[in-house]
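See structure below.
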Amino acid sequence: MLEGIGLSKRFGGVLALREASLEVPRGTVTGIVGPNGAGKTTLFNVLSGLYRPDEGRVVLDGRDVTALPIHERALRGMTRTFQISRELGELTVAENLLLASPGQAGERLLANLLSPRRVALEERRGLDEARRLLERTGLWRLADAPARTLSGGQKKLLELARALMTRPKVLLLDEPAAGVNPSLVNELTRFIESLRADGLTVAIVEHNMDMVAEVCDPVYVLAEGAVLARGSFAEVSADRRVIDAYLGGGL
């Protein structure tokens, strides 16, 4: 569903990615792990279109999207979240989701003038979809609250719901468990498992190994910008090269 082929990225004299290749199979939750500075976020930024690779290609659903910017990739079904939530704090929780609804006729002046019924119908559908996602993430009771009032974990759930509002084919999650309390990590884990059950293709960069072990297969391990190992969590966690990359501490 999503492939990175021979991806390299330089920042000045630093080679952040070194011919990294990976495949995110359709309907899987693929994990990307590695020690700090391994190139995980750089890889995500290249896959999503935030960065252009210096070498290599990105292929989405059989199409080369290497030259496409991030918003064009989103239109083709790739959506991502960020490690630090980027909610629109003064808007309500529900309004944050409604803004993400794709292809709304009401965004065009002529449509509002010439097709008001269509605009109204799409708005009702958007509200229904937003409610469904907020109920699914446990945020519906906070639908009318300003997004800035949410806790850190709730903002992570809001960002997930907003990403799903775009109806993605591939969802990239950048450290969804970062800064989240343990009870909410369990909730996030179950939520990601439910996405896999829905058939959504997901890739995760994550440091929480309990989450990775529970939801991810396959798992890629990066070190110094290159793919060090690939396999199930049990396989990569037993790989001596991986253990050494984590300074002997294992996963």
Side-chain angles (χ1 to χ4, degrees), residues 24-36 38 40-41 43-44 79-87 89 93-94 96-97 100 129-143 145-168 170-222 230-238 242-243 246 249-251:
V24 181
R26 190 183 304 273
T28 67
V29 179
T30 297
I32 302 169
V33 304
N36 290 330
K40 303 181 298 297
T41 296
L43 176 60
F44 247 36
T79 302
R80 69 164 296 175
T81 65
F82 291 84
Q83 181 179 348
I84 299 174
S85 301
R86 302 187 178 190
E87 74 285 346
V93 169
N96 267 263
L97 264 66
E129 179 69 4
R131 175 165 186 160
R132 184 184 70 81
L133 289 171
L134 290 175
E135 287 177 340
R136 186 173 178 181
T137 54
L139 295 175
W140 175 244
R141 63 184 177 84
L142 299 169
R148 59 177 167 76
T149 65
L150 300 182
S151 69
Q154 290 169 335
K155 288 179 180 179
K156 292 276 189 174
L157 288 168
L158 173 60
E159 184 144 314
L160 262 172
R162 188 172 58 191
L164 292 171
M165 195 75 180
T166 68
R167 306 183 193 105
V170 179
L171 180 60
L172 308 182
L173 304 178
D174 191 355
E175 297 200 31
V180 176
N181 69 60
S183 62
L184 195 50
V185 169
N186 293 332
E187 186 175 338
L188 280 167
T189 299
R190 291 192 297 271
F191 188 80
I192 293 168
E193 287 178 324
S194 75
L195 298 180
R196 177 175 56 195
D198 290 345
L200 185 62
T201 302
V202 183
I204 303 179
V205 166
E206 185 53 65
H207 282 289
N208 186 308
M209 292 300 116
D210 289 336
M211 174 181 280
V212 172
E214 189 161 346
V215 304
C216 297
D217 189 13
V219 175
Y220 285 83
V221 182
L222 267 61
R230 177 195 183 279
S232 68
F233 182 82
E235 290 169 340
V236 300
S237 62
V242 175
I243 294 171
Y246 276 88
L251 293 179

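Because the structure is predicted, anything quoted here is derived from the model rather than measured. Residue indices begin at 1 and follow the sequence shown.
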| message | Once salt bridge (charged side-chain N to carboxylate O under 4.0 Å, His left out) is applied, what residue pairs with a partner in residues 149-164 remain, sequence neighbours excluded? | response | Glu87-Lys155, Glu159-Arg162
| message | Is any side-chain heavy atom of Leu195 closer than 4.5 Å to one of Val29? | response | no
| task | Taking the side chain as every heavy atom from C-beta outward, state whether Val93 and Leu134 have any pair of such atoms under 4.5 Å apart. | result | yes
| query | Can any side-chain N or O of Thr201 pair as donor or acceptor with the backbone N or O of Gly27 at less than 3.5 Å? | reply | yes
| field | Any side-chain heavy-atom pair of Met211 and Pro176 under 4.5 Å | value | yes
| said: Checking Glu135 against Arg141 for the side-chain contact (heavy atoms from CB on, under 4.5 Å) test, could you report, in this order, the C-alpha distance in whole Å, the side-chain angles of both residues, the deciding distance, and whether it holds? | reply: CA-CA 8 Å; Glu135 287 177 340; Arg141 63 184 177 84; over 6 Å; no
| message | Suppose we screen for side-chain contact (heavy atoms from CB on, under 4.5 Å). Which residues come up paired with Ala130, at least two apart in sequence or across chains? | response | Leu97, Leu98, Met165
| query | Can you find a heavy atom in the side chain of Leu184 that is under 4.5 Å from one in the side chain of Leu157? | reply | yes
| request: Check whether any side-chain heavy atom of Leu222 sits under 4.5 Å from a side-chain heavy atom of Val33, and report yes or no. | output: no
| said: Please give me the minimum heavy-atom distance between Asn96 and Ala147, naming the atom from each residue. | reply: ND2-CB, 3.5 Å
| message | I'd like to check the salt bridge (Lys or Arg N to Asp or Glu O under 4.0 Å) partners of Arg132; sequence neighbours left out, ordered by chain and number. | response | Glu129
| task | Could you check if a side-chain atom of Leu160 sits within less than 4.5 angstrom of a side-chain atom of Leu188, using non-hydrogen atoms only? | result | yes
| said: Between Leu43 and Ile32, is there a side-chain heavy-atom distance shorter than 4.5 Å? | reply: yes
| Residue pair Ala163 / Thr79: nearest heavy atoms and the distance that separates them | CB-CG2, 3.6 Å
| request: Return each pair, listed once, that meets side-chain hydrogen bond (donor to acceptor under 3.5 Å, both in side chains) where at least one residue sits in residues 186-197; pairs must be two or more places apart or across chains. | output: Arg136-Ser194
| message | For Ala213, give me all partners under side-chain contact (heavy atoms from CB on, under 4.5 Å), at least two apart in sequence or on another chain. | response | Phe233
| request: Grab the two heavy atoms, one from Glu206 and one from Met209, that are nearest each other, plus how far apart they are. | output: O-CE, 3.5 Å
| task | Quick one: list whatever passes side-chain contact (heavy atoms from CB on, under 4.5 Å) with Pro35, sequence neighbours left out. | result | Ala38, Tyr246
| query | With sequence neighbours left out, which residue pairs that include part of residues 208-221 fulfil the salt bridge (charged side-chain N to carboxylate O under 4.0 Å, His left out) condition? | reply | none
| task | Please assess Cys216 against Ile204 for the test side-chain contact (heavy atoms from CB on, under 4.5 Å), listing each intermediate value before the final yes or no. | result | CA-CA 8 Å; Cys216 297; Ile204 303 179; 4.3 Å; yes
| query | So how far is it from Phe82 CZ to Leu172 CG, rounded to the nearest 0.5 Å? | reply | 10.0 Å
| query | What are the two closest non-hydrogen atoms of Phe191 and Leu164, and how far apart are they? | reply | CZ-CD1, 3.6 Å
| field | Summary of salt bridge (charged side-chain N to carboxylate O under 4.0 Å, His left out) pairs that have at least one residue in residues 171-181, sequence neighbours excluded | value | Arg80-Asp174
| Distance-minimising heavy-atom pair for Leu200 and Pro168 | CD1-O, 3.2 Å
| message | Can you list everything that forms a side-chain hydrogen bond (donor to acceptor under 3.5 Å, both in side chains) with Thr30? Sequence neighbours excluded, please. | response | Thr28
| query | With a 4.5 Å heavy-atom cut-off, do Gln154 and Leu142 have their side chains touching? | reply | yes
| note | When every non-hydrogen atom of Thr137 is compared with those of Ala161, the smallest separation belongs to CG2-CB, 4.2 Å
